[in-house]
Amino acid sequence: MAQLWGGRFTKETDQIVYDFNASIRFDKRMYAQDIAGSIAHVTMLAKQGILTESERDQIIDGLQGILRDVESGSLAITEEYEDIHSFVEANLISRIGDAGKKLHTGRSRNDQVALDMKLYTRDQIDQLDSLLYQLLSVLHRLMKEHMDTVMPGFTHLQKAQPVTLAHHLGAYFAMFVRDRGRLLDIRRRLNECPLGAGALAGTTYPLDREYTAGLLGFDRATANSMDSVSDRDYLIELLSALSVIMMHLSRMSEEIIIWNSNEYRFVELDDAYSTGSSIMPQKKNPDIAELVRGKTGRVYGALMSLLTAMKGLPLAYNKDMQEDKEQAFDAMDTVRGCIALFIGMLDTATFHRDVMENSAKGGFTNATDAADYLVMKGVPFRDAHGIIGALVLRCIEKNVSLDDLPLEEYRQVSPVFQKDIYQAISMEACVNRRLTKGAPGRKAMEDAIRENERYLTEQPPARSEKKQ
Ligand code: ARG
């Protein structure tokens, strides 16, 4: 047991208490953030004359050595330390001696952990943003390729009206653009540095908090020291944004699973992104999409867990807050992994244009257009709706589509029908007449794709100003 706080205690912590309390098992992944924060802190302490330049240099050397050794694998972060902060400080002292004991001047683990977690979250946001950008780029390529791939659009999972694959994928493009917007918004709001808040009430040393904030790439120092050490809003916001991302990925997974089924065959997933069955030799399963759909629950769970952990906490720091990490880390890992897999799965998938188009032709997806045809010829829409409904019933009885129903039959129901009905209800005409902004018609789609192109050029992934 290596603790920072033995002074006022007369006996050792019980081992099970120690284990229950310790966080090193999961906070060790913040070693780089902890060290970066400490380097900024001592740089500021020396600027303020609180440490000498020589003390600062010894400490920074020592910290950089620890970082190097952890990254090379020669220094293991073991569970004999309570948390990552104790590990770094204890190692520093054993490396450089007395100067190391000054590292924690004007600082508490409460503002330290608040800083580490913000730095870690900020870096995760940047990684997620860059992954979402790659996903958008794959969608963009597919959209450009499939502007003329007609497919049925569904409501209630019943064929509704013909759309194109580009249009369908464009819906997901819009969702992931919003997801990026949410991430960047959270990043902007979290980007205030809590260091210098101390345990809760600031400190008596003349710290320059704005200076430390600047060194670490923050926009400013936080406003209130009690809020600084007890704020986990940014993490709740991130878990909420991650939940929405997973909801989007899960909906798309569901569609891919359906489209990849033997019944639909709209898409075939690459062998590299599918799995087999141990008993049924013919099987090729969309396990990746199913897992993404399945993992959505654990990300929602992390959000609910942290919301609940925070709800009754009095100001300022309480140990409950240590529970912010495990599930949040798991959620971040999960979402990063899911987006990365989605990029590969979509990039290697084959969409079967002919199957999609045939499917759009069955199921009366052009019934609305047939009604619109009558409206164009002067029939009120409500009457047109009834006429086409009757024709659809006929088609169902004869097992034909509206495209194959002979003109005499059309004319038996309404004399308004002419030969040009067939052209008017062709899939191509149905799609390409839908030209309102955001609709699947070729011209509207070209505009949408141009907009997407501009978005991808103008909003490349944000990287942190300072790499930790
Ligand atoms: N491991 C703690 C956490 O994750 C660090 C802060 C500890 N502070 C304290 N006063 N015990 O929240």
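Ligands are counted one by one from 1 in listed order, and the atoms in each one are counted from 1 as well. Everything quoted here is computed from the prediction, not taken from an experiment.
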Report task. Using the test salt bridge (Lys or Arg N to Asp or Glu O under 4.0 Å), find all partners of Asp231 that sit at least two apart in sequence or belong to another chain. Result -> none
Query raised in the report: So, for Thr203 and Gly106, which heavy atoms are closest and what is the spacing to 0.1 Å?
Result: OG1-CA, 3.8 Å
Are any protein N/O atoms closer than 3.5 Å to the N/O atoms of ligand 1? If there are, list each pair with names and the distance to one decimal place.
{"residue": "ligand 1", "atom": "1 (N)", "partner": "Ser23", "partner atom": "OG", "Å": "3.0"}
{"residue": "ligand 1", "atom": "1 (N)", "partner": "Gln322", "partner atom": "OE1", "Å": "2.7"}
{"residue": "ligand 1", "atom": "4 (O)", "partner": "Lys325", "partner atom": "NZ", "Å": "2.5"}
{"residue": "ligand 1", "atom": "8 (N)", "partner": "Asn110", "partner atom": "OD1", "Å": "2.9"}
{"residue": "ligand 1", "atom": "10 (N)", "partner": "Asn110", "partner atom": "OD1", "Å": "3.0"}
{"residue": "ligand 1", "atom": "12 (O)", "partner": "Tyr317", "partner atom": "OH", "Å": "2.5"}

Requested in this report: With sequence neighbours left out, write down each residue that passes salt bridge (Lys or Arg N to Asp or Glu O under 4.0 Å) with Asp69, or none if nothing qualifies.
Outcome: Arg95
Query raised in the report: Do you know which of Leu242, Leu131, Leu249 makes side-chain contact (heavy atoms from CB on, under 4.5 Å) with Cys338?
Result: Leu249
Query raised in the report: Tyr317: what forms a ring-ring contact (aromatic ring centres under 6.0 Å, His included) with it, not counting sequence neighbours?
Result: none
Query raised in the report: Does His146 have its ring centroid less than 6.0 Å away from the ring centroid of Phe351?
Result: yes
